[in-house]
Protein chains: 2
Amino acid sequence: MGDEPIGEWLAQPDAREIELVKVLHALGDPVRLRLLKVYADGEQYSCAPGALGLDHLHKSTVSHHMRIMREAGVTSTRVVGRSRYVRLRRDDLDARFPGLLDALIKALP
Amino acid sequence: MGDEPIGEWLAQPDAREIELVKVLHALGDPVRLRLLKVYADGEQYSCAPGALGLDHLHKSTVSHHMRIMREAGVTSTRVVGRSRYVRLRRDDLDARFPGLLDALIKALP
DNA sequence: GGAGTTGTTTGATGTTTGTCAAACGATTCT
DNA sequence: AGAATCGTTTGACAAACATCAAACAACTCC
């Protein structure tokens, strides 16, 4: 009973090694900028295209975008069973680039 | 006498048509992010690679990057004689995406 | 007018990227 | 065990991209 499904974390850059140019490159794509909008509420989401408003994309394409976001340091991914729970690394990004995430989320179309 | 060299302006998107995803794509490149650092002081610069700390790049490559920045709405270019004077569109970007440019410039490596 | 300057444009080349499809791995359910 | 689910990995392919080189255009200076 008392055991929650904690799961493992997929590899991601250390908070201090997040590079601005990689973050901007990750977000400089229509699909991934839309993902930022999804994650902006701080909640975690699975990778299912339908759950992300990306029904027009193949699941492997979504997986590809997920990897780029994670390797850029924008998102973190927790593995529980078959599911992946992805969310914004808000604290890490705020610490590394103060004000950037807030400005970006406000600027979202 | 009283006449200053005003010159013409190269085509650029209207302030309200600047798209966030294009701005991020423009800045998600090592060379162009470095250019942002150059322009961060608000001054205008010529396109000479040497004047921009881009001595390792061919002049046509610099011209290519200039065009991407300008078409994304990041910079504006004034033509005076043989020279181009390029600078940040700080007012337009601040109006469109409040706080973004400040956060970006502070986050620059 | 001719030479030098400043940057653009076009073509070529190798790299990266976004996408899908198929195969696979791990997990969960029956 | 067998089947279904969730997501990753690999391969393939076209489009976009960064870069250089050469030709070009416009301007300035002698």
Side-chain angles (χ1 to χ4, degrees), chain A residues 3-12 19 21-35 38 44-72 74-87, chain B residues 3-12 19 21-35 38 44-72 74-87:
Chain A
D3 40 32
E4 299 169 355
I6 297 198
E8 300 170 1
W9 299 86
L10 292 189
Q12 63 180 37
E19 291 176 43
V21 68
K22 288 187 181 175
V23 171
L24 297 179
H25 180 263
L27 298 178
D29 171 273
V31 170
R32 297 191 293 263
L33 194 58
R34 179 168 185 160
L35 285 177
V38 172
Q44 59 190 10
Y45 292 86
S46 80
C47 296
L52 298 165
L54 299 178
D55 251 335
H56 54 112
L57 289 180
H58 196 276
K59 57 180 181 172
S60 62
T61 303
V62 174
S63 181
H64 163 74
H65 288 298
M66 291 301 186
R67 187 162 62 116
I68 291 183
M69 301 267 284
R70 175 167 41 83
E71 292 182 346
V74 177
T75 58
S76 63
T77 302
R78 192 163 50 95
V79 181
V80 179
R82 304 177 290 194
S83 300
R84 266 75 172 162
Y85 295 111
V86 181
R87 60 175 175 169
Chain B
D3 39 34
E4 299 170 356
I6 296 197
E8 300 170 1
W9 299 86
L10 293 189
Q12 63 179 37
E19 292 177 40
V21 67
K22 287 188 181 175
V23 171
L24 297 179
H25 179 263
L27 298 177
D29 172 271
V31 169
R32 297 191 293 262
L33 193 59
R34 179 168 185 159
L35 285 176
V38 171
Q44 58 188 11
Y45 291 85
S46 81
C47 296
L52 298 167
L54 299 177
D55 252 334
H56 56 110
L57 289 181
H58 197 275
K59 58 180 181 174
S60 62
T61 302
V62 174
S63 181
H64 163 73
H65 287 299
M66 292 299 187
R67 187 162 60 118
I68 290 183
M69 302 267 284
R70 174 168 42 82
E71 292 182 347
V74 177
T75 58
S76 64
T77 302
R78 193 163 49 95
V79 181
V80 180
R82 305 177 288 191
S83 300
R84 268 74 172 161
Y85 296 111
V86 181
R87 60 174 173 168

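Because the structure is predicted, anything quoted here is derived from the model rather than measured. Note on naming: letters A, B, ... go to the chains in the order of the sequence lines (proteins, then strands), and numbering restarts at 1 for each one.
Closest approach of A/Tyr45 and A/Leu52 over heavy atoms only: CB-CD2, 4.0 Å. Closest heavy-atom contact between B/Ser76 and B/Gln12: CB-OE1, 3.0 Å.
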Inset, instruction - Test side-chain contact (heavy atoms from CB on, under 4.5 Å) on B/His56 and B/Leu54 and set out the steps. - result: CA-CA 5 Å; B/His56 56 110; B/Leu54 299 177; 4.1 Å; yes
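For A/Gln44, the side chain to side chain donor-acceptor pair (under 3.5 Å) test picks out A/Arg78, with sequence neighbours left out. Annotation: side chain to side chain contact (heavy atoms under 4.5 Å, CB included) contacts of A/Glu19 (sequence neighbours excluded): A/Val21, A/Lys22. B/His58 is linked by a side chain to side chain donor-acceptor pair (under 3.5 Å) to B/Ser60, counting only residues two or more places apart in sequence or in another chain. With sequence neighbours left out, A/Ser83 forms a side chain to side chain contact (heavy atoms under 4.5 Å, CB included) with A/Tyr85. Applying the side chain to side chain contact (heavy atoms under 4.5 Å, CB included) test to A/Ser46 and every residue at least two apart in sequence or in another chain returns A/Ala48, A/Ala51. Residues passing the side chain to side chain contact (heavy atoms under 4.5 Å, CB included) test with A/Arg82, sequence neighbours excluded: none.
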Expected list for residues 27-34 of chain B: side-chain donor-acceptor pairs under 3.5 angstrom, two or more places apart:
| unit_1 | atom_1 | unit_2 | atom_2 | d |
| --- | --- | --- | --- | --- |
| B/Asp29 | OD1 | B/Val31 | N | 2.9 |
| B/Asp29 | OD1 | B/Arg32 | N | 3.1 |
| B/Arg32 | NE | B/Ala26 | O | 2.6 |
| B/Arg32 | NH1 | B/His65 | ND1 | 3.1 |
| B/Arg32 | NH2 | B/His25 | O | 3.4 |
| B/Arg34 | NH2 | B/Gly53 | O | 3.2 |

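Regarding B/Ile68, its CD1 atom lies at a distance of 6 Å from the P atom of D/dC17, rounded to whole Å. In this structure, A/Arg70 places its CZ atom 7 Å from P of D/dT8, rounding to the nearest Å. Straight-line distance from the OH atom of A/Tyr45 to the C1' atom of D/dC6: 19 Å, rounded to whole Å.
For the pair A/Arg32 and B/Cys47, nearest-nucleotide mapping onto DNA chain C gives the more 5' position to B/Cys47.
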Legend entry - Protein proximity profile, nucleotides 19-30 of chain D - base contact B, sugar-phosphate-only contact S, no contact -, cut-off 4.0 Å on heavy atoms: BBBB----BS--
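First and last contacting nucleotides of DNA chain C toward chain A (any atom under 4.0 angstrom from a heavy atom, 5' to 3' order): C/dT17 to C/dT28.
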With the criterion being N/O to N/O and under 3.5 Å, what pairs connect the protein with nucleotides 11-16 of chain D, and how long is each?
none

